[in-house]
Amino acid sequence: MSSRTSPVRRPVTIRRAVAGDAKRLTRLVRGSGAYEGKYASAVAGYRVGPAYIEAHRAFVAVGADEDGGRVLGFYSLVLDPPELDLLFVADEAQGRGIGRLLVAHMQTEARTAGIDRVMVVSHRPAEGFYHRVGAVRTGTALANPPAVPWDRPEFEFRIPPE
């Protein structure tokens, strides 16, 4: 059976991000195919620094086996106010359920912190993903030129108690 018709599922673990992950996370953000063309300016100078990682609940999805412990994706949960600030999956790792795994982990972290709702301002190309993983559209974040010259959909994850 070809890998085109049956994607290979490799083990993935999620761990807390550490300061030493900063350069890898920055490369993941800047190299995202979702930010090509007209969206490139939004991440061109973006940097995920060690201080950011230490200040927020940042977690990485790490591949095992053939992925050799490579960072395949990450997210960052800001607690006050509750917001999923960053969520990226490496282009070549998309379609393997890593984004869904990261969202489920984020929801567990939010629940543990006593949070019942987490807001996310989505990038337009990610809107379908957020619908698929259970986020509810709540509005629109208006453009903020020159940093972000386009409107963005706002979503909310509702975190049910255990």
Side-chain angles (χ1 to χ4, degrees), residues 1-53 56-78 83-110 118-137 140-141 143-144 146-157:
M1 187 176 288
S2 121
S3 62
R4 290 176 137 189
T5 58
S6 177
V8 176
R9 303 280 181 194
R10 298 178 185 116
V12 173
T13 59
I14 297 179
R15 65 165 171 80
R16 187 79 184 240
V18 295
D21 291 321
K23 288 182 181 178
R24 284 180 283 207
L25 302 186
T26 296
R27 280 193 304 270
L28 208 153
V29 170
R30 290 183 184 176
S32 173
Y35 285 90
E36 293 177 339
K38 71 178 184 176
Y39 299 117
S41 64
V43 296
Y46 198 88
R47 181 174 174 266
V48 180
Y52 178 90
I53 290 170
H56 303 294
R57 292 190 184 201
F59 290 85
V60 295
V62 180
D65 301 335
E66 296 90 0
D67 291 317
R70 192 168 61 90
V71 173
L72 303 173
F74 78 100
Y75 78 88
S76 173
L77 176 63
V78 174
E83 180 179 5
L84 177 60
D85 188 41
L86 299 171
L87 174 63
F88 283 85
V89 174
D91 290 350
E92 66 277 5
Q94 291 181 13
R96 293 176 40 192
I98 295 166
R100 186 174 294 276
L101 187 65
L102 288 167
V103 166
H105 190 276
M106 178 275 301
Q107 291 172 316
T108 299
E109 283 293 310
V118 175
M119 192 254 299
V120 60
V121 177
S122 175
H123 179 50
R124 282 184 185 167
E127 186 171 1
F129 166 77
Y130 285 112
H131 278 294
R132 289 190 300 277
V133 296
V136 177
R137 176 86 187 252
T140 301
N144 183 23
V148 184
W150 51 83
D151 293 346
R152 294 157 294 151
E154 289 182 336
F155 288 91
E156 180 178 85
F157 285 100

Side-chain donor-acceptor contacts of residues 123-135 below 3.5 Å, not counting sequence neighbours, with atom names and distances?
residue : atom : partner : partner atom : Å
His123  : NE2  : Ala34   : O            : 2.7
Arg124  : NE   : Asp151  : O            : 3.1
Arg124  : NH2  : Asp151  : O            : 3.3
Glu127  : OE2  : Arg137  : NH1          : 2.8
Arg132  : NH1  : Gly128  : O            : 3.3

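Using a 4.5 Å heavy-atom threshold, the side chains of Val120 and Met106 count as separate. Contact annotation: the side chain of Arg96 approaches that of Leu72 to within less than 4.5 Å [non-hydrogen atoms, C-beta and beyond]. Side-chain atoms of Phe74 and Val29, non-hydrogen and from C-beta on, do get closer than 4.5 Å to each other. No side-chain heavy atom of Ile53 sits less than 4.5 Å from a side-chain heavy atom of Arg16.
Between His56 and Tyr52, the ring planes are tilted. Angles from 30° to 60° get that label.
Rounded to the nearest 0.5 angstrom, Lys23 NZ and Arg47 CZ are separated by 9.0 Å. One finds the CG atom of Leu86 at 9.0 Å from the CG atom of Leu25 (value rounded to the nearest 0.5 Å). The CD atom of Glu36 lies 7.0 Å from the CG atom of Asp91; values are rounded to the nearest 0.5 Å. To the nearest 0.5 Å, atom CG of residue Leu84 and atom CZ of residue Phe155 are 11.5 Å apart. Considering CD of Glu83 and CD of Glu154, their distance stands at 9.0 Å, rounded to 0.5 Å.
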Check step by step if side-chain contact (heavy atoms from CB on, under 4.5 Å) holds for Gln107 and Val118. CA-CA 8 Å; Gln107 291 172 316; Val118 175; over 6 Å; no

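For the residue pair Leu102 and Gly73, the shortest heavy atom distance occurs at CD1-C, 3.9 Å. Nearest heavy-atom pair, Ala143 versus Pro149, reported as atom, atom and distance to 0.1 Å: CB-C, 3.7 Å.
No donor-acceptor distance shorter than 3.5 angstrom exists from the side chain of Ser32 to the backbone of Leu28, with no hydrogens or angles considered. Gln94 places a side-chain N or O within donor-acceptor distance of the main-chain N or O of Val89, the cut-off being under 3.5 Å. Here the side chain of Ser76 pairs no donor or acceptor atom with the backbone of Ala58 at under 3.5 angstrom. Between the side chain of Arg30 and the backbone N or O of Tyr46 there is at least one donor-acceptor pair closer than 3.5 Å.
Checking Ile98, Leu101, Val60 one by one against Ile14, the side-chain contact (heavy atoms from CB on, under 4.5 Å) holds for a single residue, Leu101.
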